[in-house]
Structures are given as C-alpha cells and as structure tokens.
Amino acid sequence: MINRFVRGVLTVLGAFTGYIIYFYVNNLFESFTGITYIIGIILSSLAGGILLFLASPWLIKKGRDVATWIENELANVPITSIILGSVGLIVGLIIAHLISQLLNNTPTPIGTVLSTVIYIFMGYLGITISTKKTDEIMNIPNMLRRAPLKERDGTLVNNLSPKILDTSVIIDGRIADICKTGFIEGPLVVPEFVLKELQQIADSSLAIKRNRGRRGLDILNLMQKELNIEVKVHTLDFEDIQEVDSKLLKLAQTINGKVLTNDYNLNKVAEFQGVHVLNINELANAIKPVVLPGEEMQVQVIKDGKESGQGLAYLDDGTMIVVEGGKKYIGQDIEVLVTSVLQTAAGRMIFAKPKSMVDKSA
C-alpha cells in the first residue's frame, strides 16, 4: 500500500516537473502559444509523469537502502550526540543566515555561490563542534552549580571539589572509615562505568574476584545509607575511551574533581596528566606513628627474614620490623632498639637490633 502511495506521489511530482521545465523553456525561447502551448504542457507533463512512474521502483528501493544505512549508522551514535548535533546544525545555519545577509549587494551568481558555501560550512562546523564537545556541554549544569562563591565567616570560598572513587579504593573499603571521621569533605562521585566494572567483578566465576566485587558493592551501599556525606552516581561516559582508569582521569578533568584511589600506577599517570589524586595508601603511611632511630620498643619476632640471621616482627598497623640477629628469638617477645627507618612509596620499614645485643656490645 505504501509503495503505491509513494509511486503515485512520484508520478505527480514527475508530471509537475515536466510542466515546470516546459514552462521555463517555452518562456525562454517564446516558441509556442495558444493550443500548441496547451498541447506542449500536456505532453511534457505526461512525459515527466511516465518517466518517474517507471523509475519509481528503483527510486523506492534506493531510498529504502539509504534509510536503512542511516538507521544503522545512527544506532551506534548516542542519543545525546544526535540531539546536540541537531542543535549545533540549527545554530550553524542561523549564523550562516546572518552572515549571508552581508552578501545581499554581491552580484547574483557570486552571492549565491558564496551563500551556499557559508551555509554548508557553518552547518558542518556546528555539527562537528557540538558532537566533539558532548562531554563538556553535558557538564555545563555542573559547572554552573559549582561556579558561585559562598561566603563563610566573611571570606569567599569555592565550593568543594567532587572526589571521584575508583574501583580499587571502593573494594579496599577504608574510604568508608575515613569518611566516618569527617576528614573528607565534598560530594563523593561514583562513575557509572566504575559501577559496571564492580558488577562484572561481582559476577565473576572466580570466588576471590566475586567476593571482592560484592564487598565493593556493600561498601557503596553502606556509604550511601549510613554516612553523613553526599554520594552520587555520575552518568557521564566516554565511549571513545576503553580503559576505566583513562575514563576516570578524563572525568576528573571534565568536572574539575579529584580521584580517590590506592592504585600506585594510576597515581603516577594522573600526576603526569595534571589530575589531582588522593591516595589512601599515602594517607595511611602519613598517619602511622613516628619512629625515630634510638627508640626502644617491645615486639614479637614472627619469622625469619631474607638475610641470614634476620627476624621479622610487625607493628599493629602492619609496619614490618627487620630485627638483625632476631632469628633465634622467633616466637618470643623482646625489646629492640631502632637503628634506622626506611620510607618508600609502598610503605615503611623499620630496622632494629635486640636490646640485649646492643647492651653486650656496649
């Protein structure tokens, strides 16, 4: 039914086109008048109608192929890009119309060509800019909400920047305890792509990964329900970027946020890209009790060390103590004297000697 309707429309359009062509050609050469003119109109209209009637099956098929191709292409394009691309096209055409008004005094052929080029160029430019800057445009409401300054005790201060959680820090769980203490202020942002990664880990066939994923989801639910801090999910995604870490850094740059992580490699990449990172492990190392060479402490030697005669002990916070000559004291509580402290990015190590050995040497 629809094919017949389209074929009829094309036939009428062909007849009308034939009439228009005959009308302009006849006016140009002033060839026919009277009954001859009317016969010419009828014949040209019939010719145009018959031509498009015969060609309509091919035109309908080609039209459907083009429509199917456009539909398949648009299926892979996010709806936000389609909407913003349409808006960009409209804005570009409006600007082109305003510019073309300046060409009214230009001679007709040149003015028409220039106007056409301007319309095509500005329309293309509007679509390109709006689709390539989709993330920034979608973030405009967040920028407007963050822009105003608040007055506090007579001093103007900026709103607190959002803290973006990565997968590792959520699974780690210490972020919930830190938030309870009130040391972290500002909204906590959980990107939607991080939630998807957590869900994939929780659905893993490996028990260890599955437990880690479920722990991460439990931590998020705990923080959202019990903690007195804003936790929100951010839906902005970057479909042209595959890695979650790269998406995190891009999101931080887009919303002017800080990344909360305990991933050492992510920390280094973020520093290189100029993204502010809050590393939980660095915080844990910073708040460990300060131990100075010459101090005495009571420890229990747990096992032997890598070097001959060494013994290993641990503080309550997990700091490893390497006891020189401590192998013979394994399983015993002894007093040791700190000789040196080594601070690294991975943590802190304390080197000590049994106090009895120091006393003997003295």
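All values reported here derive from a predicted model rather than from experimental measurement. The residues of the chain are indexed from 1 along the displayed sequence.
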- Message: How close do Pro354 and Gly325 get, counting heavy atoms only, and between which atoms?
- Response: CG-O, 4.3 Å
- Task: For atom CZ of Arg64, decide whether the heavy atoms of other residues, nucleotides or ligands shown that lie under 6.0 angstrom number more than 12.
- Result: no
- Is there a side-chain contact between Leu198 and Leu220 (heavy atoms, below 4.5 Å)? yes
- Check whether Met349 and Leu312 end up in the same hydrophobic cluster, where Ile, Leu, Val, Met, Phe, Trp and Tyr are linked by side-chain heavy atoms less than 4.5 Å apart. yes
- So, for Ile330 and Lys303, which heavy atoms are closest and what is the spacing to 0.1 Å? CD1-C, 3.7 Å
- Task: Report yes if the side chains of Asn262 and Arg174 come closer than 4.5 Å at any heavy-atom pair, otherwise no.
- Result: yes
- Task: Kindly indicate whether the side chain of Ile201, heavy atoms from C-beta on, has any atom under 4.5 Å from the side chain of Thr167.
- Result: yes
- side chain to side chain contact (heavy atoms under 4.5 Å, CB included) evaluation trace for Val336 with Met297: CA-CA 6 Å; Val336 296; Met297 59 176 63; 3.5 Å; yes
- Task: With the side chain counted from C-beta on, respond yes when Val269 and Leu249 share a heavy-atom pair under 4.5 Å apart, and no when they do not.
- Result: yes
- Message: Using side chain to side chain contact (heavy atoms under 4.5 Å, CB included), reason through Thr261 and Val277 one step at a time and then give a plain yes or no.
- Response: CA-CA 7 Å; Thr261 184; Val277 174; 3.5 Å; yes
- Query: Does Asp65 pair with Lys61 as a salt bridge, N-O distance under 4.0 Å?
  - Reply: yes
- Task: Flag yes if Val259 and Val231 sit in one hydrophobic cluster, no otherwise; membership is Ile, Leu, Val, Met, Phe, Trp, Tyr, and two members link when side-chain heavy atoms are under 4.5 Å apart.
- Result: yes
- Can you tell me how far CG of Leu315 sits from CD1 of Ile350, rounded to the nearest 0.5 angstrom? 5.0 Å
- Would you check, one step at a time, whether the test side chain to side chain contact (heavy atoms under 4.5 Å, CB included) holds for Leu292 with Val338? CA-CA 7 Å; Leu292 300 176; Val338 177; over 6 Å; no
- Message: Can you confirm whether Val244 sits close enough to Val194 that some side-chain heavy atom of one is under 4.5 Å from a side-chain heavy atom of the other?
- Response: yes
- Item | Flag if over 12 foreign heavy atoms under 6.0 Å of CD, Gln298 | yes
- Shortest non-hydrogen contact from Ser204 to Arg210? O-NH1, 3.0 Å
- Query: Can you hop from Leu114 to Ile120 via hydrophobic side chains spaced under 4.5 Å?
  - Reply: no
- Flag the pair Val189 / Lys232 as yes when at least one side-chain heavy-atom distance between them is below 4.5 Å, and no otherwise. yes
- Message: Measuring from atom CG of Leu260 to atom CG of Leu165, what distance do you get when rounded to the nearest 0.5 angstrom?
- Response: 5.5 Å
- Would you give the length of the straight line joining atom CG of Leu51 to atom CG of Leu46, rounded to the nearest 0.5 angstrom? 12.0 Å
- Are Ile164 and Ile255 side-chain neighbours, meaning at least one heavy-atom pair lies under 4.5 Å? yes
- Is there a donor-acceptor pair under 3.5 Å between the side chain of Thr181 and the backbone N or O of Ile178? yes
- Query: What are the two closest heavy atoms between Asp263 and Asn279, and how far apart are they?
  - Reply: O-ND2, 4.1 Å
- Return the minimal non-hydrogen interatomic distance between Ile321 and Ala352, and the atom names on each side. CG2-CB, 4.2 Å
- Task: Using modelled atom types only, decide if a donor and an acceptor are shared between the side chain of Ser340 and the backbone of Phe351 within a distance under 3.5 Å.
- Result: no
- Distance (rounded to the nearest 0.5 Å) between Asp166 CG and Lys247 NZ: 14.5 Å
- Item | Evaluation steps, side chain to side chain contact (heavy atoms under 4.5 Å, CB included), between Leu59 and Val6 | CA-CA 10 Å; Leu59 292 174; Val6 174; over 6 Å; no
- Between Asp172 (side chain) and Ser168 (backbone), is there a donor-acceptor pair under 3.5 Å? no
- To the nearest 0.5 Å, how far apart are CZ in Phe193 and CG in Leu248? 4.5 Å
- Task: Measure the NZ-CG distance between Lys180 and Asp177 for me, rounded to the nearest 0.5 Å.
- Result: 5.5 Å
- Message: Assigning hydrophobic clusters by single linkage (Ile, Leu, Val, Met, Phe, Trp, Tyr; side-chain heavy-atom cutoff under 4.5 Å), is Ile170 placed with Leu217?
- Response: yes
- More than 12 non-hydrogen atoms from neighbouring residues, nucleotides or ligands closer than 6.0 Å to CD on Glu307, yes or no? no
- Side chains of Ser308 and Lys327: closer than 4.5 Å at any heavy-atom pair? no
- Message: Could you see if Phe121 belongs to whatever hydrophobic cluster contains Val87? Use Ile, Leu, Val, Met, Phe, Trp, Tyr and a side-chain cutoff under 4.5 Å.
- Response: yes
- Message: For a quick test of reading the model, state the closest non-hydrogen atom pair linking Gly123 to Leu93 and the distance between them.
- Response: CA-CD2, 4.4 Å
- Task: Give a yes or no on whether Tyr314 atom OH has more than 12 heavy-atom contacts from other residues, nucleotides or ligands under 6.0 Å away.
- Result: yes
- Atom CD1 of Ile208: over 12 foreign heavy atoms under 6.0 Å: no
